[in-house]
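See structure below.
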Amino acid sequence: MGNEAVARGLYEAGVAVVSSYPGTPSTEITEYSAEYDAMYTEWAPNEKVALEVAIGSAIAGKRAFSGMKHVGLNVAADPLYTVSYIGVNAGLVIGVADDPGMHSSQNEQDSRNHAKAAKIPMLEPASSEECLAYTKLAYDLSEQFDTPVLLRLTTRISHARSLAEVGERVEREAVPYQKDAMKYVMMPAMARPRHIAVEKRTEALVQWAETAPVNTVEWNSTDVGIITSGIAYQYAKEAMGDKASYLKLGMVYPLPEQLIREFAAKVKTLYVIEELDDFIETHCKKMGIAVHGKDTFPLCGEYSQSLIREKLLGVTPAPMKLEETLPVRPPVMCAGCPHRGVFYALNRLKTYVSGDIGCYTLGSSAPLSAIDACVCMGASVSGAHGVSKAVGTMNNKLPVAIIGDSTFIHSGVTGLINVAYNQAASVTLILDNSITGMTGHQQNPTTGLTIKGDPTTAVDLEALCKAVGIQDVTVVDPYDLPATYAAIKKAVEGTTASVIISRRPCALLKTVKHSAPLAVAADKCTGCKACLRIGCPATSMKDGKMVIDRNQCVGCGQCVSLCKFGAIGGMEA
């Protein structure tokens, strides 16, 4: 897999420290890295901390890596833009995985813009083989040009599989550290000359890009020329074959000039094929080169071989049609998910709910329909604070922030400090499911285990909330729907800030032992559908009666309290 190949590249490059925060589609880079004992690997509380750890290692003289998804790079932007000025002592590479098509993200961000704005070189591989090779090259460039290097992947490159030839690890002695305030201490007096150094470095990198082995030309028909990179190169090659010539750019920032001019001069019609922003296209047009790009291809979503054939060859494939009409299958919380009962209670209480990033974002969907807004990691707590300060209450109830344990540690704590410090009246619901759920069950500072599964300290959420100034902290079991509803109702009808910790492990954890599946006594079921309001995928209606799929049911019992007729019970029911 592409992410696995990056991890192998880190190992072979002699990297010493890997610090990341999980985020699809980047997560597996760090998970695979943890399998190599020669590298110290960790999950950091957030991407900013992770990059700062890697910067510290690079300054100390050991090669380092920090991985994240595209929105995580926003969190890490503060140190990113400054380390561009500082440069490195040993090599520093930042891996960022973009998500065209938004398979698991809240936006379609093009991280090439960060590379240009921060003036940091960026490589973009187009296969697993290149993922491994470019990772190793990135460290050589980092040390040659005294710069951090960005390695950009996209979902299809991160998660697709192809062959890659592996090598051996090259151990590297620590580069001796020498105290140098003019290089490492970024105060204005030091930063001004470092900015000049960055501009000179960019000029040197442009010259390197002109003849770089990662920027290659493939000559076929000169009727059509295509400039492309990454996964878009694979799509273009499959779609056009030898009907076009290709300039494949492995370095997407800074971009070469002479190489592009020479290629453009030899083809009749020139296209730039790139997902998301018109990054390469704008560069070409700035040089006065006539090129087709976003006038032909869309700005939004993923590309495909079919799309390119349609746009360039006028060939529209006939889609295969099924005889049966299949129902849509929207993402839902799993059967037995401990978050479900919380959202059921919030839906009944009809108050404003500020959501966050994680499995619990699914609480916005019907029939729970409990979330009013979702912006970014940690924004729920601050957003509810803003609602409180703006209008006080909604429907005579305090606004609620809902956030997971990992997300709370990532960037929710500071929002809660703001709530306490500025004396807001809001309710913060921390859904503690003992893991980082949506990205695939990674450990975090609340679980008591490291990325390798070794025991470590665990954040005491109750003590932390009280320490920042929240006096009213309650812990509930979300499987106990009546108690959960009562606790939330009391909080939202109050007048001061409070925290409710909903504590129950994720139903998919291997360590969780489930109860026997439940069943419905048909003679007691009236078909009122009250039990369906909780939205469990294990429940459905058949012949006017509720039925439970025993293959999905984990016996959590959340539906039992909803049935006023006692129709739901054990398998003997």
Side-chain angles (χ1 to χ4, degrees), residues 21-22 24 27 31 43 45 331-346 355-363 368 370 377 380 401-410 412-413 428-465 473-485 487-488 499-518 534-539 548 550-561:
Y21 184 81
T24 306
T27 306
E31 290 180 327
W43 289 127
V332 296
M333 286 179 279
C334 306
C337 177
H339 303 336
R340 181 171 282 106
V342 172
F343 284 114
Y344 174 77
L346 289 169
D356 223 295
I357 306 299
C359 295
Y360 35 90
T361 308
L362 299 172
L368 297 169
M377 295 280 279
S380 61
I402 196 151
I403 190 168
D405 50 329
S406 179
T407 310
F408 180 69
I409 295 297
H410 177 283
V413 177
T428 301
L429 262 164
I430 302 174
L431 306 186
D432 182 4
N433 64 352
S434 307
I435 204 70
T436 308
M438 185 165 271
T439 50
H441 288 177
Q442 291 77 33
Q443 304 298 333
N444 66 65
T446 72
T447 66
L449 296 172
T450 68
I451 190 173
K452 290 181 175 289
D454 298 327
T456 185
T457 57
V459 173
D460 184 329
L461 290 175
E462 296 97 303
L464 176 59
C465 293
V473 179
T474 304
V475 179
V476 298
D477 179 354
Y479 278 6
D480 187 342
L481 270 184
T484 298
Y485 177 81
I488 299 174
V499 168
I500 298 174
I501 301 171
S502 171
R503 180 162 289 144
R504 170 70 67 160
C506 172
L508 298 185
L509 286 176
K510 294 179 181 178
T511 55
V512 173
K513 298 189 182 303
H514 297 298
S515 300
L518 300 173
I534 202 167
C536 178
T539 60
I548 296 177
R550 64 170 300 169
N551 294 313
Q552 293 192 65
C553 179
V554 298
C556 71
Q558 293 182 74
C559 60
V560 174
S561 62

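It should be emphasised that the depicted structure is a prediction, and the values quoted were computed from it without experimental measurement.
- The shortest distance between side-chain heavy atoms of Phe343 and Ile402 falls below 4.5 Å.
- No side-chain heavy atom of Thr484 sits under 4.5 Å from any side-chain heavy atom of Asp477.
- Closest approach of Gln443 to Thr436, counting heavy atoms only: O-OG1, 4.0 Å.
- Counting only distance, with no hydrogens or angles, the side chain of Thr447 and the backbone of Ala458 share no donor-acceptor pair below 3.5 Å.
- Heavy-atom minimum distance, Ser380 versus Ala401: O-CB, 3.2 Å.
- Between the CD1 atom of Ile488 and the OG1 atom of Thr474 there is a distance of 10.5 Å, given to the nearest 0.5 Å.
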Tell me, with the steps shown, if Cys465 and Ile430 meet side-chain contact (heavy atoms from CB on, under 4.5 Å). CA-CA 10 Å; Cys465 293; Ile430 302 174; 3.8 Å; yes
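- Using modelled atom types and a 3.5 Å distance limit, the side chains of Ser406 and Tyr21 yield a donor-acceptor pair.
- Considering only heavy atoms from C-beta on, Leu346 comes within 4.5 Å of Leu429 through its side chain.
- Nearest heavy-atom pair, Cys359 versus Gly437, reported as atom, atom and distance to 0.1 Å: SG-C, 3.9 Å.
- Once rounded to the nearest 0.5 Å, the distance linking CD1 of Ile501 with CD of Glu462 reads 4.0 Å.
- Side chains of Asp356 and Thr407: a donor-acceptor N/O pair is absent below 3.5 angstrom, by distance only.
- Side-chain contact between Leu481 and Ile534: present, with at least one pair of heavy atoms (C-beta onward) separated by less than 4.5 Å.
- Distance check, rounded to the nearest 0.5 Å: CE of Met438 to OG1 of Thr24 gives 8.5 Å.
- In this structure, CZ in Arg504 is found 11.5 Å from SG in Cys337, a value given to the nearest 0.5 Å.
- A donor-acceptor pair under 3.5 Å links the side-chain atoms of Arg340 to the main chain of Met333, judged by distance alone.
- A donor-acceptor contact shorter than 3.5 Å links the side chain of His514 to the backbone of Ala507.
- Considering every non-hydrogen atom in both Pro505 and Leu509, the closest pair reads CB-CD1, 4.0 Å.
- No donor-acceptor pair under 3.5 Å is formed between the side chain of Tyr360 and the backbone N or O of His339.
- Contact of the Arg503 side chain with the Leu461 side chain is registered, since non-hydrogen atoms from C-beta on lie closer than 4.5 Å.
- Remark: Asn444 CG to Ile451 CD1 distance equals 12.0 Å, nearest 0.5 Å.
- Contact check for Phe408 versus Leu464: side-chain heavy atoms found under the 4.5 Å cut-off.
- Counting heavy atoms from C-beta on, the side chains of Gln558 and Tyr344 never come closer than 4.5 Å.
- Counting all heavy atoms, side chain and backbone alike, Gly336 lies closest to Val554 at CA-CG2, 3.5 Å.
- Nearest heavy atoms, Gln552 versus Ala538: CB-CB, 3.8 Å.
- Annotation: side chain to side chain contact (heavy atoms under 4.5 Å, CB included) contacts of Val332 (sequence neighbours excluded): Pro537.
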How far apart are the C-alpha atoms of Trp43 and Thr27, what are their side-chain angles, what is the distance that settles it, and do they pass the side-chain contact (heavy atoms from CB on, under 4.5 Å) test? CA-CA 10 Å; Trp43 289 127; Thr27 306; 3.9 Å; yes
